[in-house]
Protein chains: 2
Amino acid sequence: MSVTYDFPRPAVTVDTVVFGVDDEGLKVLLLQRDAEPFAGWWALPGGFVHEHEELDDAALRALSSKTRLTRIYLEQLYTFGERGRDPRGHVIAVAYYGLVRLRDHRVRAATGARDVAWFRVDQQPKLPFDHSRIVDVALERLRGKVTYQPSLVFELMPPKFTLTQLQQLYEAILGTALDKRNFRKKMLTVWKIVAETDERTEGTVGPPARLYTFDAAAYRKLARSGFQFQF
Amino acid sequence: MSVTYDFPRPAVTVDTVVFGVDDEGLKVLLLQRDAEPFAGWWALPGGFVHEHEELDDAALRALSSKTRLTRIYLEQLYTFGERGRDPRGHVIAVAYYGLVRLRDHRVRAATGARDVAWFRVDQQPKLPFDHSRIVDVALERLRGKVTYQPSLVFELMPPKFTLTQLQQLYEAILGTALDKRNFRKKMLTVWKIVAETDERTEGTVGPPARLYTFDAAAYRKLARSGFQFQF
DNA sequence: CCAAAAGTGTTCTCCATACACCCATGC
DNA sequence: GCATGGGTGTATGGAGAACACTTTTGG
């Protein structure tokens with residue numbers, strides 16, 4: 001039995017919003033387009049879905065082929081299909097977002113891109129298509145998700161970190177300042193999802209800070225019984 | 001400037017998961033397919049996206065053309081693109097979910113459907129494609145969303161309702177029993193999102209119950225300052 | 001000794017949770 | 001009068017929010 005469908009079809013693309021963090025704050029990965037439309041503009045990495053390709057695979061492929069970023073964690077965000085969003089015609093974009101440890105990944109331009117760079121989320125250039133909207137939706141989702149699935153945050157942290165670094169990351173994502181004592185109490189006493197190590201930072205300006213690790217086992221236990229949110 | 005793209009494209013469909021409630025509990029709307037593949041099976045209402053049609057419009061059109069349900073609130077759920085999910089080939093499904101007041105809407109079969117009916121979510125037949133998975137994802141989303149966006153629930157309630165009806169709806173959606181006193185305290189004292197009327201039910205078995213309305217203004221005020229969840 | 005950052009406790013308020021009895025109505 | 005469902009209050013515990021000073025180190 002073969003049933004076919006032979007009408008004109010919309011094209012389907014995947015677009016990816018990849019966030020990273022460094023000491024300047026939260027950043028988003030953009031590439032400078034090589035081809036029309038919008039050649040020369042900074043835009044989200046993405047591309048057309050190939051025949052018989054799964055969406056998740058298409059997103060990873062598009063990202064790695066254009067920016068050399070591989071093996072990163074992506075999650076589907078939303079599917080955009082507004083009329084007029086793409087001058088080439090009827091193009092539906094399945095958007096993904098993800099997080100990487102910026103220092104672990106050297107990005108460089110590849111197929112279809114003149115250049116690749118990280119932009120602070122509060123200092124993005126004007127983006128083509130509806131990409132600005134997509135970034136906004138991704139940011140909103142990231143902010144929401146962080147409060148009820150804090151494990152996400154640790155995707156961005158090195159394996160060992162200080163509590164101040166962790167707090168700064170939360171502040172970068174949420175865009176607000178947090179109280180140091182309350183933050184530490186939540187991590188150490190309430191949630192207990194970080195574990196002390198014996199190590200400390202070296203060569204810092206102030207006193208050395210203790211290094212912690214993410215306690216995945218404690219996290220899973222906590223996740224089963226639900227979270228209490230807000231800072 | 002015209003840029004085209006001329007490779008084989010996946011087909012794009014929209015599928016809708018519509019929830020309703022009656023005294024038997026939470027239900028989902030299914031239709032009995034008329035055409036191959038899976039002719040005769042109960043499945044989610046849906047259909048192919050037309051040329052230059054927006055996704056939201058396609059979902060509403062597919063739903064109304066097959067079930068005569070119109071003007072309902074739909075929200076995008078997730079986009080499914082797993083290999084092998086459709087025997088016709090590479091078909092991507094953008095899924096939507098929505099809520100209706102079951103008693104307000106008489107559904108009846110139309111184009112492409114032999115029959116249309118409401119099924120209790122815990123008594124669904126075996127569904128074709130990956131529709132069972134889609135219903136599961138929709139249910140999970142509905143359950144999550146109810147706790148942080150309670151206004152959703154009132155989409156399913158009549159304009160005037162008793163607190164017991166409201167509580168039963170929450171219980172149907174969440175699949176758990178709730179404490180009557182705590183529930184009422186939350187609605188009336190903590191959230192204050194329902195307003196008393198002077199009316200009462202008539203002809204009931206026990207004593208008449210007071211009727212309440214949803215207080216949209218109070219809700220918006222509360223929504224701005226964030227919620228506290230859980231019952 | 002000074003600048004910089006690390007680290008630490010307490011109080012108050014609000015909400016979640018647990019729990020049981022009396023009352024109004026229709027039949 | 002009885003079955004059915006409506007309606008009500010309190011005590012406890014846990015977490016969020018607000019808030020400031022001392023200590024350690026390198027230069």
Side-chain angles (χ1 to χ4, degrees), chain A residues 23 146-148 150 157 160-172 174 176-213 218 221-231, chain B residues 23 146-148 150 157 160-172 174 176-213 218 221-231:
Chain A
D23 33 86
V146 149
T147 62
Y148 67 89
M157 297 296 296
K160 294 177 184 177
F161 49 85
T162 69
L163 289 182
T164 300
Q165 286 171 344
L166 184 60
Q167 180 175 346
Q168 284 167 347
L169 174 52
Y170 265 97
E171 290 176 333
L174 297 175
T176 62
L178 302 175
D179 179 86
K180 183 161 58 157
R181 278 167 298 186
N182 292 339
F183 181 83
R184 296 164 100 90
K185 185 176 13 163
K186 184 151 212 160
M187 292 297 155
L188 293 170
T189 315
V190 182
W191 285 356
K192 295 184 186 135
I193 58 174
V194 294
E196 240 180 60
T197 70
D198 290 334
E199 298 171 61
R200 289 175 172 273
T201 54
E202 284 171 34
T204 55
V205 176
R210 186 179 288 280
L211 291 172
Y212 292 82
T213 58
K221 218 172 114 195
L222 178 65
R224 268 193 288 279
S225 56
F227 285 96
Q228 234 56 245
F229 329 115
Q230 286 144 256
F231 284 96
Chain B
D23 33 87
V146 149
T147 62
Y148 69 89
M157 296 298 294
K160 295 177 182 178
F161 48 84
T162 69
L163 289 182
T164 300
Q165 287 172 343
L166 184 60
Q167 180 175 347
Q168 282 167 349
L169 175 52
Y170 265 98
E171 291 176 333
L174 297 175
T176 62
L178 302 175
D179 180 86
K180 184 163 55 157
R181 278 169 297 188
N182 292 339
F183 181 81
R184 296 164 99 90
K185 187 177 10 168
K186 184 153 214 160
M187 291 297 154
L188 293 170
T189 315
V190 181
W191 285 356
K192 296 184 185 134
I193 56 174
V194 294
E196 241 179 57
T197 70
D198 290 332
E199 298 171 62
R200 289 177 174 272
T201 53
E202 283 171 33
T204 54
V205 178
R210 187 180 286 281
L211 291 172
Y212 293 81
T213 58
K221 217 173 116 195
L222 179 65
R224 270 193 286 279
S225 56
F227 286 95
Q228 234 57 244
F229 329 115
Q230 285 146 257
F231 284 96

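First the proteins, then the strands, lettered A, B, ... as listed; each starts at 1.
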Original post:
Listed by chain and number, what are the side-chain hydrogen bond (donor to acceptor under 3.5 Å, both in side chains) partners of B:Gln165, not counting sequence neighbours?
Top reply: none

Original post:
With a 4.5 Å limit on heavy-atom distance, are the side chains of B:Tyr170 and B:Met187 in contact?
Top reply: yes

Subject >> Under the side-chain contact (heavy atoms from CB on, under 4.5 Å) test, residues paired with B:Ala218 that sit two or more places apart >> reply: B:Asp215

Subject >> Set of side-chain contact (heavy atoms from CB on, under 4.5 Å) partners for A:Thr176, sequence neighbours left out >> reply: A:Leu174, A:Leu178

Original post:
Taking only residues at least two apart or on different chains, which pairs with a member in residues 200-213 of chain A satisfy salt bridge (charged side-chain N to carboxylate O under 4.0 Å, His left out)?
Top reply: A:Glu196-A:Arg210

Subject >> For atom CG of B:Leu178 and atom P of C:dC15, their distance in whole Å >> reply: 18 Å

Original post:
What are the two closest heavy atoms between B:Gln167 and B:Asp179, and how far apart are they?
Top reply: NE2-C, 4.0 Å

**OP:** Report yes if the side chains of A:Leu166 and A:Met157 come closer than 4.5 Å at any heavy-atom pair, otherwise no.
**Re:** yes

Original post:
Is any side-chain nitrogen or oxygen of A:Arg184 closer than 4.0 Å to OP1 or OP2 of C:dG7?
Top reply: yes

Original post:
Got a sec, which residues hit ring-ring contact (aromatic ring centres under 6.0 Å, His included) with B:Tyr212, two or more places apart in sequence or on another chain?
Top reply: none

Original post:
In Å, rounded to the nearest 0.5 Å, how long is the span from OG1 of A:Thr213 to CD1 of A:Ile193?
Top reply: 11.0 Å

**OP:** Any chance you could measure A:Phe161, atom CZ, to A:Thr201, atom OG1, to the nearest 0.5 Å?
**Re:** 13.5 Å

Original post:
Where along residues 160-168 of chain A does a heavy atom come under 4.0 Å from DNA chain D, residue by residue in number order?
Top reply: none

Original post:
D:dG6 C1' sits how many Å from B:Leu211 CG, rounded?
Top reply: 13 Å

**OP:** Round to a whole Å and report the spacing from CZ of A:Phe183 to C1' of D:dC19.
**Re:** 18 Å

**OP:** Go through the structure and list residues passing side-chain contact (heavy atoms from CB on, under 4.5 Å) with A:Thr164, not counting sequence neighbours.
**Re:** A:Thr162, A:Gln168, A:Arg184

Identify all pairs in which a protein N or O lies below 3.5 Å from an N or O of nucleotides 18-21 of chain C, and state each distance.
unit_1: C:dA18; atom_1: N7; unit_2: B:Asn182; atom_2: ND2; d: 3.0
unit_1: C:dA18; atom_1: N6; unit_2: B:Asn182; atom_2: OD1; d: 3.1
unit_1: C:dC19; atom_1: N4; unit_2: B:Asp179; atom_2: OD2; d: 3.4
unit_1: C:dA20; atom_1: N1; unit_2: B:Arg181; atom_2: NH1; d: 3.3

Subject >> Length of the line joining B:Tyr212:OH and D:dG6:P, which is rounded to integer Å >> reply: 11 Å

Original post:
Can you check the A:Glu202 CD to C:dA6 P distance for me, whole Å?
Top reply: 15 Å

Original post:
Is there a residue in residues 194-201 of chain A whose heavy atoms reach under 4.0 Å of DNA chain D, and which residues are they?
Top reply: none

Original post:
Where along nucleotides 22-27 of chain D does protein come under 4.0 Å, by heavy atom, of base (B) or sugar-phosphate alone (S), with - for untouched nucleotides?
Top reply: --BBS-

**OP:** Could you pull out all residues at least two apart from A:Lys160 that satisfy side-chain hydrogen bond (donor to acceptor under 3.5 Å, both in side chains)?
**Re:** A:Glu199

Original post:
Atom NZ of A:Lys186 and atom P of D:dA18: how far apart are they, to the nearest Å?
Top reply: 13 Å

